[in-house]
Amino acid sequence: MRPAVSRDVKAIRLLTARYVEQGLLVAKAPVSYYESLPDFVVAVAPSGELVGCGAVHVMWDGLGEVRTVATRPSWRGRGVGRGIVEALVARGRRLGLTRLFCLTFEVEFFARLGFEAIEGIPVTPRVYEQLLRSHDDGVAEFLDLARVKPNTLGNTRMLRRL
């Protein structure tokens, strides 16, 4: 596990493409991956092959989102996803976050890692109003805005307190 670097973006995009096609991850423009690169960690096999990725994005004071968690299919079940999420939780703590949010179809996976399903949006109306000013699609998903509904239908909102 290590922080992602710019040369990883191509491999991250290839890794996530399968999940985007399946409707499990939101499609992102290439520039979005570069802009959010500091949020990412990657899992690398001994061969040097990138086998997993994930990001933690700071949304507000004490609140972050775990996003874009993906594992190469041939590496599923080997603890790669767990390692990525644990690295993101550790990063969240270092950033001073007290809660991590995720929007996922993988409810059992995240539940095993301490996330709990929630209803609604876990911020005050004042914070909600501030977050509406964000141009980030992940924030729009968090806020459950109509413009991202096709990407979020069927997902479960989950939260972990740190």
Side-chain angles (χ1 to χ4, degrees), residues 1-61 63-76 78-97 99-107 109-110 113 115 130-160 162:
M1 219 58 65
R2 64 167 170 75
V5 295
S6 62
R7 70 178 177 272
D8 294 326
V9 170
K10 183 178 179 182
I12 290 170
R13 289 185 60 225
L14 287 171
L15 175 63
T16 58
R18 161 181 269 120
Y19 297 105
V20 169
E21 289 169 7
Q22 295 172 352
L24 299 174
L25 289 178
V26 176
K28 296 180 184 179
V31 69
S32 295
Y33 286 100
Y34 286 103
E35 289 174 340
S36 62
L37 190 64
D39 296 346
F40 274 87
V41 298
V42 294
V44 182
S47 66
E49 172 189 31
L50 191 142
V51 296
C53 67
V56 63
H57 180 77
V58 176
M59 297 178 73
W60 196 256
D61 183 25
L63 177 65
E65 180 185 11
V66 170
R67 50 170 73 165
T68 321
V69 175
T71 303
R72 184 168 302 285
S74 61
W75 281 77
R76 288 187 71 143
R78 298 189 196 186
V80 173
R82 172 181 286 280
I84 289 166
V85 173
E86 288 173 354
L88 297 174
V89 167
R91 179 179 275 186
R93 284 190 175 113
R94 287 191 304 275
L95 291 169
L97 302 179
R99 298 177 300 160
L100 284 177
F101 163 82
C102 71
L103 188 61
T104 185
F105 291 104
E106 299 291 338
V107 175
F109 170 76
F110 280 98
L113 297 171
F115 287 78
Q130 292 297 315
L131 289 174
L132 279 174
R133 297 178 177 156
S134 174
H135 298 288
D136 185 284
D137 284 340
V139 173
E141 291 171 351
F142 172 76
L143 297 176
D144 205 25
L145 300 181
R147 69 181 171 89
V148 294
K149 285 284 188 192
N151 293 324
T152 60
L153 292 176
N155 283 352
T156 298
R157 296 170 170 281
M158 300 186 82
L159 191 72
R160 176 173 168 176
L162 304 183

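Heavy atoms only: backbone and side chains are in, while hydrogens, waters and symmetry mates are out.
For the atom pair CG (L50) and CG (L14), the distance works out to 9.5 Å, reported to the nearest 0.5 Å. Between the CD atom in E106 and the OG1 atom in T156 there is a gap of 10.5 Å [rounded to 0.5 Å]. Taking CG of L95 as the reference point, atom NE2 of H57 lies at 11.5 Å (rounded to 0.5 Å). Here CG of L113 is found 6.5 Å from CD of E86. Values are rounded to the nearest 0.5 Å. In this structure, the separation between CG on L159 and CG on L63 is 7.5 Å, given to the nearest 0.5 Å. Going from atom OG of S32 over to atom CZ of R13 covers 10.0 Å, rounded to the nearest 0.5 Å.
At most 12 heavy atoms of other shown residues, nucleotides or ligands fall within 6.0 angstrom of atom CZ in R76.
Looking at P30 and V9, their side chains never come closer than 4.5 Å, going by heavy atoms from C-beta outward. The side-chain heavy atoms of V56 and L97, taken from C-beta on, include a pair separated by under 4.5 Å. Using a 4.5 Å heavy-atom cutoff, the side chains of C102 and R160 are not in contact. For the pair F109 and T104, the minimum side-chain heavy-atom distance is 4.5 Å or more.
Of all heavy-atom pairs spanning L25 and A70, the tightest one is CD1-CB, 4.3 Å. Taking all atoms of both residues into account, the shortest heavy-atom contact from V26 to V20 is O-CG2, 3.8 Å. For A4 against V42, the heavy-atom pair with the smallest separation is CB-CG1, 3.9 Å. In terms of heavy-atom proximity, S6 sits nearest to L37 at N-CD2, 3.2 Å. Across V51 and V80, no two heavy atoms sit closer than the pair O-CG1, 4.0 Å. Across all their heavy atoms, F115 and M158 have their closest contact at O-CE, 3.5 Å.
The aromatic rings of F40 and Y33 sit tilted relative to each other, their planes meeting at an angle between 30° and 60°.
W75 does not carry R72 over the face of its six-membered ring by the limits of under 6.0 Å from the centre and within 45° of the normal.
Remark: side-chain polar atoms of R91 are paired, donor with acceptor, to backbone N or O of D39 under 3.5 angstrom.
K28 and T16 form no side-chain donor-acceptor contact under 3.5 Å, judged by distance and modelled atom types alone.
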